[in-house]
Engineer: 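My questions all concern the structure below.
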Amino acid sequence: ISFVRKLQTSRASVNGGSSSSQGNSFLVPGATVATILMLGALHARRLYDDKKVEDAREKGLEFEFHPDVKATFLQLLPLRSISRYWGLLTSVEIPVWLRPYVYRAWARAFHSNLEEAAMPLDEYATLRDFFVRSLKEGSRPIDPDPRCLVSPVDGIILRFGELKAAGAMIEQVKGFSYSVSSLLGANSLLPMITEENTHAESSELENTPKDQSNKSWWRVSLASPKVWDPVASSPMKGLFYCVIYLKPGDYHRIHSPIDWNVLVRRHFSGRLFPVNERATRTIRNLYLENERVVLEGQWQEGFMELLQLLFIEPELRTNRPRKKFFHSEPPEERIYEPEGVGVMLKKGDEMAAFNMG
Amino acid sequence: STVVLVFQAPVSRSPKNQGSSEFSFCTRKGDRIRVGEALGRWHDS
């Protein structure tokens, strides 16, 4: 602004102080250029950070947890309100002629593949519609092997492994873990055994007939739960987890990873922290604090859960205004009918989506 | 956005058990994966 004022002053002095209208007209392009430069700088910095993270990953470096001032400040912001307003803003209909430019800009910024979009760009009325776009038929072939489970989303594998130790902890980053029971809820059907029964249960498992041992549980969880102190128990043998992160430009619909029956839905209305790489390194209990929906069910081999807007329950709304300041309410739970059978989903079925705002 | 999967899958109950099977992930940390691609497989041993 001071730069523009100086320019105005100098131009006014050159013209004998009679060109204030010309000075004002210069102010708008100046602000636009400044905004474009700022956005460019932010984008360049993001690309640099992404590259740094990628290089570190290739070298096998593990990120450690470091809470910082920015993360603390983030926790003070009204993120839920901001997200809701962002949702409102992205629901505004864009003029048809402008749509391809806006969506191409989005795709360029977040590396989306526009050729896969099911409809022509000018048919997505809002940015929100574009964000949850479906894909052309055959864009995502489902692995036909009956002995494999497939990825439910497009994304990056952050973590995976087997839950073995007492408390069944998932590592957020090096040196900081959270309990899977806190993530899924205290009422979870998570197959755990108490410490004192561990030995006995292990012996029983050795003698379990194969058809019984093949019964397992499935969960897909999308983002944030309450902290629950895990009991002194260990997960049963054969309990695995996988954390997948979706970038803003990724395909945001969620598909069933296997044939399974969804028995219970649990909605945790928590915070709305970002879940990017930096946030996982700086916000403690990130996944336990954030809002999430957990789907719990049974498949031939075990157990699963997931968080998002559910196509199998379209009336469920998340990101609602909070009645209380503190996030102490228990999760809202719904048991799908008929009890014990629930909603049957086939491998690859579209079941949910992450909405915008 | 993040998705967390937690699931039970077949594991070898005992090295002596001939009828056992084992689950293993077929991805690596940091890999990009797409809907429908195999995350893990299990095989009868």
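Residue numbers begin at 1 in each chain, while the letters A, B, ... track the order of the sequences.
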Engineer: Mind running salt bridge (charged side-chain N to carboxylate O under 4.0 Å, His left out) on A:E116 and B:R34 for me, showing each step along the way?
Structural biologist: CA-CA 13 Å; A:E116 292 180 330; B:R34 305 209 303 177; 3.1 Å; yes
Engineer: Determine the option with the most heavy-atom pairs under 4.5 angstrom with chain B, choosing from A:D154, A:V243, A:I156.
Structural biologist: A:D154
Engineer: Compute the ring centroids of A:F354 and A:F131, then answer whether they are less than 6.0 Å apart.
Structural biologist: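 So the answer is no for these two rings.
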Engineer: Could you tell me how the ring of B:F7 sits relative to the ring of B:F23: parallel (under 30°), tilted (30 to 60°) or perpendicular (over 60°)?
Structural biologist: perpendicular
Engineer: Using a cut-off of under 4.5 Å on heavy-atom pairs, state which of A:L246, A:I170, A:D250, A:L158 scores highest against chain B.
Structural biologist: A:L246
Engineer: I'd like to verify something: which residue of A:I142, A:L135, A:D143, A:D145 has the highest number of heavy-atom pairs under 4.5 Å with chain B?
Structural biologist: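 The answer is A:D143.
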Engineer: Do the two ring centres, one from A:F240 and one from A:F160, sit under 6.0 Å apart?
Structural biologist: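 No: the rings miss the under 6.0 Å criterion.
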